[in-house]
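The sequence lines fix the lettering, A, B, ..., with proteins before strands; numbering per chain opens at 1.
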2 protein chains.
Amino acid sequence: MTEPMGITSPTDPDAVIHDAIATLRREGLRITVPRRQVIDVLARTDEHLTVEDLHERVQERTDGIHLATVYRTVETLVQRGLIDHIHLPHGATTYHLVVDRNASHCHAMCTDCDRIIDLPPDLLDGVAAEVLRQHGFELNSRHAALTGRCRDCRAG
Amino acid sequence: MTEPMGITSPTDPDAVIHDAIATLRREGLRITVPRRQVIDVLARTDEHLTVEDLHERVQERTDGIHLATVYRTVETLVQRGLIDHIHLPHGATTYHLVVDRNASHCHAMCTDCDRIIDLPPDLLDGVAAEVLRQHGFELNSRHAALTGRCRDCRAG
DNA sequence: CGCTTGATGCGAGGTTCTCGCATTACTTTC
DNA sequence: GAAAGTAATGCGAGAACCTCGCATCAAGCG
């Protein structure tokens, strides 16, 4: 992997934003209004947002930012490891900021209520090791959006 | 969980087709040409096919079957538990016949070459139990399309 | 064989996402 | 602080995947 990113206070939006901007700059990428806004929105929520969601919220702040730009922005941020994306059954891809690069967590989605629950980062470690040994397949647990039924829907 | 793998001859297409048709009939559903063809195609391959794939192959046999019909057919077959569908990142949903209803397997997709590899049915059993206990979330490992990089792509 | 109604064919259209191209604006250099 | 070079954006067209309503057809029944 890469060198440990010295994140000071993990949930302080301003610090996260500053780090993200610094990373972009370090990689030779330009700091544009759309990029600032997308990072800002993601840094100030713990929700998992679709591009549509992001576009909507970014629009509320700065008018005229095109949907295609948001798509390109999240693509860029994913490539640089600044945000994670998970693919959901029956729906769009959702995005969320990477706070700790060494502990990106797993997700599960309820097929009844579409809610997303976060799971421990190490949940699939054992399985990953097993799959690597048996099948030579290197699991990326980040993208693994598991599915099932959540506590509430099972009860209801 | 038990391990009832390979009781009769699990890969005999004709037997599988016969069973599937019988199930449809038992459920009061009509046995139509499109349904026959979709089941037939799926029974004679171990690939994971998209609706587009299915439509193409069905068309080669009987002309005039509409794409929308294939969509409706797979939906019906999924509902009756005759086929499984998995949602893939960056692509369409793929379908494959359920051979053993007690041991539907897991899947992983290579993000480099888009290949799908089948994984043991019990791979996520431990994780599923853990998630259920800790989070009350009932995992459905059928839909869980894991992602990562396959042996070939890691080597290349 | 004819009836009933579930299933299909068809096309319109929705949603999610991509792409090419002209224009804008971020960064660097002077 | 202005000009230059080019990365990034805004825009619209359109691809890919999927859904739906409705008229028609045919599977299964007696």
Side-chain angles (χ1 to χ4, degrees), chain A residues 20-40 48-56 58-59 61-80 82-83 85-95 109 111 114 143 145, chain B residues 20-40 48-56 58-59 61-80 82-83 85-95 109 111 114 143 145:
Chain A
I21 301 276
T23 300
L24 289 186
R25 213 180 287 277
R26 197 183 318 121
E27 304 250 350
L29 296 170
R30 294 184 179 175
I31 313 303
T32 64
V33 172
R35 287 179 180 168
R36 267 185 205 282
Q37 294 287 30
V38 167
I39 291 169
D40 203 85
H48 299 80
L49 302 178
T50 64
V51 170
E52 205 71 44
D53 294 333
L54 273 169
H55 182 234
E56 215 168 279
V58 162
Q59 278 287 66
R61 300 148 168 241
T62 312
D63 198 60
I65 291 178
H66 200 268
L67 182 62
T69 301
V70 180
Y71 272 102
R72 284 185 285 227
T73 300
V74 293
E75 193 189 346
T76 300
L77 297 179
V78 165
Q79 278 170 4
R80 311 298 154 157
L82 291 171
I83 66 179
H85 64 298
I86 51 174
H87 301 275
L88 302 175
H90 307 296
T93 306
T94 64
Y95 297 83
M109 176 182 171
T111 46
D114 288 3
H143 294 316
Chain B
I21 301 276
T23 300
L24 289 187
R25 214 180 286 277
R26 199 183 316 120
E27 305 250 350
L29 296 170
R30 294 184 180 174
I31 314 303
T32 64
V33 172
R35 286 180 179 166
R36 266 186 206 281
Q37 293 288 30
V38 167
I39 290 170
D40 203 84
H48 299 79
L49 302 177
T50 64
V51 170
E52 206 71 44
D53 295 332
L54 273 168
H55 181 235
E56 216 167 280
V58 162
Q59 279 287 67
R61 301 149 168 239
T62 311
D63 197 61
I65 292 178
H66 201 269
L67 181 61
T69 301
V70 180
Y71 272 103
R72 286 185 284 228
T73 300
V74 293
E75 192 190 348
T76 301
L77 298 179
V78 166
Q79 278 169 5
R80 311 298 155 159
L82 292 172
I83 67 179
H85 65 298
I86 52 174
H87 302 276
L88 301 175
H90 308 293
T93 307
T94 64
Y95 298 83
M109 177 183 168
T111 47
D114 288 3
H143 294 316

Item to complete: Rounded off to whole Å, could you give me the NE2-to-P distance for the B/His66 and D/dC20 pair?
Response: 15 Å
Practice prompt. With the side chain of B/Arg25 defined as its heavy atoms from C-beta on, choose the nearest nucleotide among C/dA25, D/dG28, C/dG11.
Written response: D/dG28
Discussion item. If I take atom CD1 in residue A/Ile31 and atom P in nucleotide D/dA8, what distance separates them, rounded to the nearest angstrom?
Written reply: 9 Å
Worksheet entry | Interatomic distance, B/Arg26 CZ vs D/dG28 P [rounded to whole Å] | 15 Å
Discussion item. The side chain of A/Glu52 is closest to which nucleotide in this list: C/dG9, C/dT16, D/dT9?
Written reply: C/dT16
Practice prompt. Give me the one residue out of B/Thr73, B/Thr94, B/Val70, B/Val38 that meets side chain to side chain contact (heavy atoms under 4.5 Å, CB included) with B/Val51.
Written response: B/Val70
Worksheet item: In Å and rounded to the nearest 0.5 Å, what is the CD1 to CD1 distance from B/Ile39 to B/Ile83?
Response: 8.5 Å
Worksheet item: Where do B/His85 and B/Thr93 come nearest, in terms of heavy atoms and distance?
Response: CB-CG2, 3.7 Å
Worksheet entry | Value in whole Å for how far the P atom of C/dG6 lies from CD of B/Glu75 | 16 Å
Practice prompt. Answer with base, sugar-phosphate or nothing: what part of the nucleic acid does A/Arg72 contact at a heavy-atom distance below 4.0 Å?
Written response: base
Worksheet entry | Any B/Thr32 side-chain N or O less than 4.0 Å from OP1/OP2 of D/dA27 | no
Worksheet item: Which part of the nucleic acid does A/Gly64 contact within heavy-atom distance under 4.0 Å: base, sugar-phosphate only, or nothing?
Response: sugar-phosphate
Item to complete: Using a 4.0 Å heavy-atom cut-off across all strands, classify B/Thr93 as base, sugar-phosphate, or nothing.
Response: sugar-phosphate
Response to the item:
Heavy-atom nearest pair, B/Pro34 first then B/Thr69, reads CB-CG2, 3.7 Å
Practice prompt. Mind checking the CG-CD spacing from B/Leu54 to B/Gln59? Nearest 0.5 Å is all I need.
Written response: 12.0 Å
Response to the item:
Side-chain atoms of B/Ala68 come closest, of D/dA8, C/dC10, C/dG9, to C/dC10
Practice prompt. Scan A/Leu67 against the nucleic acid and name what it touches under 4.0 Å (heavy atoms): base, sugar-phosphate only, or nothing.
Written response: nothing
Worksheet item: Between C/dG6 atom P and B/Leu24 atom CG, what is the distance in whole Å?
Response: 16 Å
Discussion item. Just the rounded figure in Å: distance from P of D/dG21 to OH of B/Tyr71.
Written reply: 18 Å
Worksheet item: Has the side chain of B/Arg30 got a donor or acceptor atom sitting under 3.5 Å from an opposite partner on the base of D/dG28?
Response: no
Practice prompt. Starting at atom CZ of A/Arg35, determine the distance to atom P of C/dA25, rounded to an integer number of angstrom.
Written response: 15 Å
Item to complete: Whole angstrom is fine here: how far is it from CZ in A/Arg36 over to C1' in C/dC26?
Response: 11 Å
